[in-house]
Asks: 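Have a look at this one before I ask anything.
All residue numbers refer to positions in the sequence shown, counting from 1. Note that the coordinates shown come from a computational prediction; the quantities given were computed from them, not determined experimentally.
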Amino acid sequence: MVLTRRIIPCLDIKDGRVVKGTNFVGLRDAGDPVELAGRYNEQGADEVVFLDITASKEKRGIIVDVIQRAADQLFLPLTVGGGLKSLDDIQQILRAGADKVSLNTSAVHDPSLLTRGAEAFGTQCMVCAIDVRRNTTPNEKAIPVSLPEGSTCWYEVVIYGGSKPTGIDAVAWAKEAEERGAGEILLTSMETDGTKNGFDIPVTAAISDAVGIPVIASGGVGTLEHFYDGFTKGKADACLAASVFHYGEFTVKEVKEYLRGRGIPVRL
């Protein structure tokens with residue numbers, strides 16, 4: 001059986017509104033999250049990801065309200081991330097109507113949360129979100145990744161919305177996350193986020209090769225071909241995008257029709 005590839009719109013939420021930036025900064029308003037998610041539901045999105053990018057406790061009520069409204073109105077899987085630090089947080093979001101939770105900073109601080117979450121709710125509910133950036137500082141312990149121009153680097157995990165480096169090698173962390181119970185990796189490269197120059201193919205392919213769970217490519221879509229490259233060159237199982245959908249450059253259906261025309265199995 002050929003597995004269909006997924007197209008996933010992502011909604012970054014701040015103060016109850018969808019925002020979008022470049023390289024994780026310069027945020028601008030993109031609309032109401034449930035309204036946008038409803039549009040993608042009609043266009044045939046396979047899933048929608050909600051990320052509470054401020055992720056502070058005082059904003060928790062807002063994101064729960066958003067998820068409840070979305071779950072009441074939509075008929076597609078919802079993944080929710082941002083500021084989830086405990087099993088209680090995860091349970092609250094799943095009870096609000098989410099199908100999966102995405103753990104990023106909290107998983108780095110406490111990797112056992114992935115394991116405990118998988119044991120309590122199932123691996124299918126646990127997504128490990130990994131934000132990365134290229135690092136050319138020599139590191140014998142890191143896994144080298146070849147870049148298109150011939151040089152090599154390693155990819156460092158960053159947390160707190162890309163503001164804090166960790167010294168952790170991204171490929172090694174993806175493997176550990178899988179071992180600890182993550183059912184999926186959501187990979188975002190700071191190098192390409194919001195640039196519309198395409199996904200960061202080298203790290204996407206490296207992590208796709210390193211793990212046996214689905215990898216979602218994120219960060220950098222600007223053309224239809226970028227989706228194709230994410231699946232073929234990046235070996236991703238799903239491609240996530242934000243601004244090209246939010247600002248109407250493409251519909252999900254247009255992306256899927258293009259991909260099907262180029263031999264990528266998708267659900268239309």
Asks: Taking the side chain from Ser112 and the backbone from Thr115, do they hold a donor-acceptor pair closer than 3.5 Å?
Replies: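 No, Ser112 side chain to Thr115 backbone: no donor-acceptor pair under 3.5 Å.
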Asks: With Arg133, which residues qualify under side chain to side chain donor-acceptor pair (under 3.5 Å), at least two apart?
Replies: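 Testing Arg133 for side chain to side chain donor-acceptor pair (under 3.5 Å), a comparison that skips the adjacent residues, returns none.
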Asks: Could you tell me which non-hydrogen atom of Leu51 sits nearest to which non-hydrogen atom of Cys10, and how far apart they are?
Replies: CD1-SG, 3.9 Å
Asks: Say whether Asp131 and Asn104, considering side chains only, have a donor N or O and an acceptor N or O under 3.5 Å apart.
Replies: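 Side-chain D/A pair, Asp131 to Asn104: present.
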Asks: Check whether Asp89 reaches the backbone of Lys85 with its side chain - one donor and one acceptor, N or O, closer than 3.5 Å.
Replies: yes
Asks: Quick one: are Pro202 and Ser146 in side-chain contact, heavy atoms under 4.5 Å?
Replies: no
Asks: Looking only at atom types and distance, does a side-chain atom of Glu254 sit under 3.5 Å from a main-chain N or O of Thr251, one as donor and one as acceptor?
Replies: yes
Asks: Which ring pair (Phe, Tyr, Trp, His ring centres under 6.0 Å) pairs, counting each pair once, include a residue from residues 72-98, with sequence neighbours left out?
Replies: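 Qualifying pairs, neighbours excluded: none.
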Asks: Does some side-chain heavy atom of Thr166 sit less than 4.5 Å from a side-chain heavy atom of Val108?
Replies: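 Of all side-chain heavy-atom pairs linking Thr166 with Val108, at least one is under 4.5 Å.
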Asks: Using the ring pair (Phe, Tyr, Trp, His ring centres under 6.0 Å) rule, collect all pairs that involve residues 156-183, keeping only residues at least two apart or in two chains.
Replies: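 For residues 156-183, and leaving out neighbouring residues, the ring pair (Phe, Tyr, Trp, His ring centres under 6.0 Å) pairs sorted by first residue read His109-Tyr160.
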Asks: Do Tyr155 and Val171 have side chains that get closer than 4.5 Å, going by heavy atoms?
Replies: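 No, their side chains stay 4.5 Å or more apart.
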Asks: What verdict does the side chain to side chain contact (heavy atoms under 4.5 Å, CB included) test give for Leu240 and Val49, after you've listed the backbone C-alpha separation in whole Å, the side-chain angles of each residue and the deciding distance to 0.1 Å?
Replies: CA-CA 9 Å; Leu240 178 148; Val49 172; 3.9 Å; yes
Asks: Could you pull out all residues at least two apart from Glu149 that satisfy side chain to side chain donor-acceptor pair (under 3.5 Å)?
Replies: Ser151
Asks: Please find the pair of heavy atoms, one from Phe245 and one from Phe227, that lie closest to each other, and give the distance.
Replies: CZ-CZ, 3.9 Å
Asks: How close do Ala37 and Val48 get, heavy atom to heavy atom, and via which atoms?
Replies: CB-CG1, 4.3 Å
Asks: Strictly below 4.0 Å, N to O, side chains only: are Lys100 and Glu47 in salt-bridge contact?
Replies: yes
Asks: So Leu224 and Val255, side chain to side chain contact (heavy atoms under 4.5 Å, CB included) or not? Walk me through it.
Replies: CA-CA 6 Å; Leu224 291 170; Val255 172; 3.8 Å; yes
Asks: Within a strict 4.5 Å, meaning less than it, do heavy atoms of the Thr204 and Ser208 side chains meet?
Replies: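 Counting from C-beta outward, Thr204 and Ser208 do come under 4.5 Å.
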Asks: Check step by step if side chain to side chain contact (heavy atoms under 4.5 Å, CB included) holds for Leu187 and Val132.
Replies: CA-CA 8 Å; Leu187 175 67; Val132 304; 3.8 Å; yes
Asks: Within this structure, what is the CD1-CG distance for the pair Ile67 and Leu74, rounded to the nearest 0.5 Å?
Replies: 9.5 Å
Asks: Is the side chain of Asp193 donor-acceptor paired with the backbone N or O of Gly219 at a distance under 3.5 Å, no angle test?
Replies: no
Asks: What residues, two or more places apart in sequence or in another chain, satisfy salt bridge (Lys or Arg N to Asp or Glu O under 4.0 Å) together with Arg180?
Replies: Glu176
Asks: Test of understanding: clusters of I, L, V, M, F, W, Y form through side-chain heavy atoms closer than 4.5 Å, transitively. Do Trp154 and Val157 belong to the same one?
Replies: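 Different hydrophobic clusters.
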Asks: Inspect the contact between Glu184 and Arg6 and indicate whether a charged nitrogen and a carboxylate oxygen are less than 4.0 angstrom apart.
Replies: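 Between Glu184 and Arg6 there is a salt bridge, with a charged N closer than 4.0 Å to a carboxylate O.
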Asks: Is there a side-chain contact between Asp29 and Val18, using heavy atoms and a 4.5 Å cut-off?
Replies: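 No, too far: nothing below the 4.5 Å cut-off.
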Asks: One pair to check against salt bridge (charged side-chain N to carboxylate O under 4.0 Å, His left out): Arg116 and Asp110. What are the steps and the verdict?
Replies: CA-CA 10 Å; Arg116 290 181 286 122; Asp110 179 13; 2.7 Å; yes
Asks: Work out which heavy atom in Ser102 is nearest to a heavy atom in Leu186; give both atom names and the distance.
Replies: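 Residues Ser102 and Leu186, closest heavy atoms: OG-CD2, 4.3 Å.
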Asks: Quick one: does Thr195's side chain have a donor or acceptor within less than 3.5 Å of a partner on Thr192's backbone?
Replies: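 Yes; judged by distance alone, with no hydrogens or angles, the pair exists.
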Asks: Do Leu103 and Leu114 come close enough that some side-chain heavy atom pair is under 4.5 Å?
Replies: yes
Asks: Listed by chain and number, what are the side chain to side chain donor-acceptor pair (under 3.5 Å) partners of Arg95, not counting sequence neighbours?
Replies: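 For Arg95, no residue satisfies side chain to side chain donor-acceptor pair (under 3.5 Å) once neighbours in sequence are set aside.
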Asks: Show which side-chain atoms of residues 261-268 pair as donor or acceptor with protein atoms under 3.5 Å away, not counting sequence neighbours.
Replies:
| residue | atom | partner | partner atom | Å |
| --- | --- | --- | --- | --- |
| Arg262 | NH1 | Tyr258 | OH | 2.7 |
| Arg267 | NE | Asp46 | OD1 | 3.2 |
| Arg267 | NH2 | Ala45 | O | 3.2 |
| Arg267 | NH2 | Asp46 | OD1 | 3.2 |

Asks: Got a second to check how far Thr232's OG1 is from Leu259's CG, nearest 0.5 Å?
Replies: 9.5 Å
Asks: Return the set of residues passing salt bridge (Lys or Arg N to Asp or Glu O under 4.0 Å) with Glu249 (not counting sequence neighbours), or none when no residue passes.
Replies: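 Scan of Glu249 (salt bridge (Lys or Arg N to Asp or Glu O under 4.0 Å), adjacent residues dropped) gives Lys196.
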Asks: Would you call Lys14-Asp52 a salt bridge at under 4.0 Å N-O?
Replies: no
Asks: With sequence neighbours left out, which residue pairs that include part of residues 238-247 fulfil the side chain to side chain donor-acceptor pair (under 3.5 Å) condition?
Replies: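 Passing the test, one end in residues 238-247: Tyr40-His246.
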Asks: Find the distance between OG1 (Thr223) and CG (Asp229) and round it off to the nearest 0.5 Å.
Replies: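 Spacing of OG1 (Thr223) from CG (Asp229) equals 7.0 Å.
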Asks: Do Val34 and Val66 have side-chain heavy atoms sitting under 4.5 Å apart?
Replies: yes
Asks: Of all residues at least two apart in sequence or in a different chain, which pass the side chain to side chain donor-acceptor pair (under 3.5 Å) check with Arg260?
Replies: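 Per chain and number, Arg260 pairs via side chain to side chain donor-acceptor pair (under 3.5 Å) with no residue.
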Asks: Rounded to the nearest 0.5 Å, what's the gap from CD on Glu35 to CD on Gln73? Could you check?
Replies: 10.0 Å
Asks: Write down the atom of Ala96, the atom of Ala71, and the distance for their closest heavy-atom approach.
Replies: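 That closest heavy-atom pairing would be O-CB, 3.8 Å.
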Asks: CD1 of Ile159 to CD1 of Ile168: how many Å apart, nearest 0.5 Å?
Replies: 7.0 Å
Asks: Closest heavy-atom contact between Met126 and Ile90?
Replies: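 Distance-wise, the nearest heavy atoms are CE-CD1, 4.1 Å.
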Asks: Test Ile93 against Val64 for side chain to side chain contact (heavy atoms under 4.5 Å, CB included), laying out the working first.
Replies: CA-CA 6 Å; Ile93 290 297; Val64 168; 4.1 Å; yes
Asks: Do Arg17 and Asp32 touch side chain to side chain, with heavy atoms closer than 4.5 Å?
Replies: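 Heavy-atom side-chain distance check passes, below 4.5 Å.
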Asks: Please set out all donor-acceptor pairs under 3.5 angstrom arising from side-chain atoms of residues 209-218, sequence neighbours excluded.
Replies:
| residue | atom | partner | partner atom | Å |
| --- | --- | --- | --- | --- |
| Asp209 | OD1 | Lys235 | NZ | 3.1 |
| Asp209 | OD2 | Lys235 | NZ | 3.0 |
| Ser218 | OG | Thr188 | OG1 | 3.0 |

Asks: Pairs in or reaching into residues 115-143: which pass ring pair (Phe, Tyr, Trp, His ring centres under 6.0 Å), with residues at least two apart or in two chains?
Replies: none
Asks: Is Gln43 reaching over with its side chain to a backbone N or O of Val252, donor-acceptor style, under 3.5 angstrom?
Replies: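 Judged by distance alone, yes, a pair lies under 3.5 Å.
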Asks: So how far is it from Phe231 CZ to Phe199 CZ, rounded to the nearest 0.5 Å?
Replies: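 The CZ atom of Phe231 sits 7.5 Å away from the CZ atom of Phe199.
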